[in-house]
Amino acid sequence: MKVRLYPCTEQRSTFAEETLTSIMERSNTGVCFSGGGTRAMSAAWGQLRGLHALGLLKHVRYISSVSGGSWASVPFTYFRQGPEDDQAFLGEVLAPEDITMENLKALDEKTLGFCATQSFKGALFDFWKEDYPSDKLWSDTVGKIFLEPFGLFQQDDTGYFSYDQETVSKILQRNPELAESSFLTVREDRPYLIINSSLLGPSAMAPFDPEIVVGFQHTPLYSGTPASLSVAYQPIKGEAESVMIGSGFVESFALNSNAPTSLPVDDWAETNVPESPFALCDATGASSAAFAGFVDQHHLLGMFSSTTALTPKAEYWPVSESVEVSSREFSFGDGGVIENYGLPALLQRKVTTAVVFINTATPLGDSKDMSTFEKGKEVDTYLPTLFGFQVPSVGTYTSQNQVFPKDEFESVIRGLQEAKKGQKTVMTVTEHQVQDNGWWGIEGGWTVKVCWCYLDRVGEWEAQLNKEISHDIAKGNHRFFSSGPFKNFPNYDTVDQNFLDLLELTPEQVSLLGHLCAWNITSNEELFQALLK
């Protein structure tokens, strides 16, 4: 089949959406939905609701998502059945005084938020009983829970994903052998979606020591990474091998195909039809694959001994204009293994204004000692790594993440602290000088404005709730004896928030978190209008 390549070199960096008038006529802005399991998914659900209520999503150029953020962003971008419209999909905006325990429990099954209440263990076990291929088990479980309710997943009938019908028609015109294949396309008026995952290395060589992780992107038009890297993979057993990675993108429908048999001609290549399409559930599952590793590591299904048994896999080959390349089966990892916000993807595209939703399990601390935050304590561990600080708890994976100067970090922390102390939405707007970063393929030398929106308690909002709910929130955040239906609210644990339930949350937990996150946006309408419209 004939596929389009998008090479990225020092002289040339091409992103296919730059040819889409409907995308490029929007303001040069992007929104990041961080990872963090069903907590991050539920928060992003509310944040999308708030942005939709203000009519801002039609102005945003990009959505960049990781892990749990992808569980919200992918269905929002593609859903085609279930809810009648975005209002039904995202739910109703409620003032805090109108929230009751009764309407929290009555979570509409047609909304996105309902997915966060579903049993991962049950879905995993059901697939396992069917003797499912282990590398499809996690991705299809994600598809079952987050995509199937919206017409985006059907077991044993996976197809491709793309941008619109015009794009699909062009693919079929040059590849008539795909005429019977199905393609999912983006809903009208959506920002351009970037789903962030990572490459862990050639699966035949795993496990590695050390592990070297490379960021990877899945979008409606293309998949890959713009950085041109030669990665020296060192297996625990065997000889090290340098493998070429990145240098551009290939059309997403061609992911999982074999490498071209000859050099590309005018950015076109001939390859085979993939034996198994790389489907929307595969991209969403790869983006959140850290949880597959957790299931393996703790033997929750009781049958795997390898810590990589559920890791999604696919054939991958780099883009090269000058040398012939070979394809290999690669293991795909969670985007949050290396960077949990999706911000580098926006900086690669030189977005000038970004809203970063940090939907974290870590409440912001009040320390005056900046070294506390630089070490990743009392703050989400991924934030200091963007400013070049090494955080021991996330190891060496994030050592390549610096995109801003170190001396700009304090302004972010102090701004967030000031907002929290004032019992306001915990967010701050700062400007940063973007630095060169070859590992991520980012060209520096320009300024980006970033609104950091940090998930935390908001006193102004809680003061307007009824006494029953505000009492339960306080009880759930007791310093020594936290308990009740809203334990840890809003910073729910990523795993086992509810004992032995793995990832799922209760309807009350999902609903209350969604309402807070929507209110954080609608109550700051003037700021978000100025940032995104």
Side-chain angles (χ1 to χ4, degrees), residues 31 33-34 36-58 60 63 65 68-118 145-152 187-191 193 355 357 359 425 453 455 458 461-462 464-466 469 472-473 485-486 489-490 492 497 503-525 528 532:
V31 173
F33 294 112
S34 80
T38 44
R39 175 194 65 253
M41 179 266 181
S42 302
W45 172 52
Q47 288 148 358
L48 284 166
R49 185 190 314 163
L51 293 171
H52 173 262
L54 298 184
L56 292 175
L57 287 167
K58 62 185 178 183
V60 175
I63 286 177
S65 64
S70 296
W71 293 346
S73 302
V74 172
F76 172 73
T77 301
Y78 278 93
F79 85 86
R80 62 184 200 177
Q81 71 179 39
E84 295 179 4
D85 52 26
D86 289 349
Q87 179 73 35
F89 181 80
L90 296 172
E92 182 183 4
V93 174
L94 286 184
E97 59 267 26
D98 294 330
I99 299 172
T100 66
M101 288 297 289
E102 288 69 29
N103 59 35
L104 291 177
K105 292 178 181 178
L107 182 58
D108 190 338
E109 294 185 9
K110 289 187 177 181
T111 64
L112 172 63
F114 186 77
C115 299
T117 69
Q118 301 305 289
I145 292 175
F146 295 108
L147 304 184
E148 186 178 68
F150 309 110
L152 305 177
R187 289 179 67 83
E188 189 176 358
D189 247 358
R190 292 298 191 258
L193 177 64
V355 177
F357 291 108
N359 295 322
T425 299
C453 194
L455 184 64
V458 180
W461 178 78
E462 290 184 21
Q464 300 176 63
L465 296 169
N466 69 46
I469 296 174
D472 282 337
I473 291 174
F486 302 118
F489 178 87
Y492 301 138
Q497 163 68 24
L503 295 173
E504 57 264 32
L505 301 174
T506 68
E508 301 97 308
Q509 291 166 342
V510 173
S511 297
L512 191 63
L513 181 52
H515 287 312
L516 167 62
C517 292
W519 182 89
N520 280 339
I521 293 171
T522 57
S523 64
N524 292 282
E525 178 176 2
F528 282 99
L532 298 176

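Note that the coordinates shown come from a computational prediction; the quantities given were computed from them, not determined experimentally.
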Closest approach of [X] and [Y], non-hydrogen atoms and distance?
X	Y	result
Ser73	Ile63	OG-CG2, 3.6 Å
Lys110	Asp108	N-OD1, 2.9 Å
Cys115	Phe150	SG-CE1, 3.6 Å
Tyr492	Arg39	O-NH1, 2.7 Å
Leu512	Ile473	CD2-CD1, 3.9 Å
Leu152	Val74	CD1-O, 4.4 Å

Verify side-chain contact (heavy atoms from CB on, under 4.5 Å) between Gln47 and Asn359, making sure each step is shown before the conclusion. CA-CA 10 Å; Gln47 288 148 358; Asn359 295 322; 2.9 Å; yes

Are [X] and [Y] packed together at the side-chain level, in the sense that at least one heavy-atom pair is separated by less than 4.5 angstrom?
X	Y	result
Glu508	Phe486	yes
Leu104	Pro507	no
Cys453	Phe357	yes
Phe33	Leu48	yes

With sequence neighbours excluded, residues passing salt bridge (Lys or Arg N to Asp or Glu O under 4.0 Å) with Glu148: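 Expected list: Lys144.
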
Look only at the side chain of Ser42 and the backbone of Val510, and say whether a donor-acceptor pair between them is shorter than 3.5 Å.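 No, Ser42 side chain to Val510 backbone: no donor-acceptor pair under 3.5 Å.
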
Short question: side chain of Thr117, backbone of Phe114 - any donor-acceptor pair under 3.5 Å?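 Checked: pair present.
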
Would you compute the distance between atom [atom1] of [X] and atom [atom2] of [Y] and round it to the nearest 0.5 angstrom?
X	Y	atom1	atom2	answer
Arg187	Phe76	CZ	CZ	8.5 Å
Ile469	Thr100	CD1	OG1	6.5 Å
Leu51	Leu57	CG	CG	5.0 Å
Leu503	Ile145	CG	CD1	8.0 Å
Asn103	Glu92	CG	CD	8.5 Å
Ser511	Met101	OG	CE	10.0 Å

Determine, stepwise, if the pair Leu90 / Trp45 fulfils side-chain contact (heavy atoms from CB on, under 4.5 Å). CA-CA 6 Å; Leu90 296 172; Trp45 172 52; 4.1 Å; yes

Going through the distances and angles, do Phe146 and Gln118 end up as a side-chain contact (heavy atoms from CB on, under 4.5 Å)? CA-CA 9 Å; Phe146 295 108; Gln118 301 305 289; over 6 Å; no

Take Trp71 and Thr38 through the test side-chain contact (heavy atoms from CB on, under 4.5 Å) and record every step on the way to the result. CA-CA 8 Å; Trp71 293 346; Thr38 44; 3.9 Å; yes

Near Glu97 CD, under 6.0 Å, is it more than 12 heavy atoms from other residues, nucleotides or ligands?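 Enclosed: over 12 neighbouring heavy atoms sit under 6.0 Å from CD of Glu97.
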
Which donor-acceptor pairs under 3.5 Å do side chains of residues 513-521 form with protein atoms, sequence neighbours excluded?
unit_1 : atom_1 : unit_2 : atom_2 : d
His515 : ND1    : Arg49  : NH1    : 3.2
Asn520 : OD1    : Thr425 : OG1    : 2.9

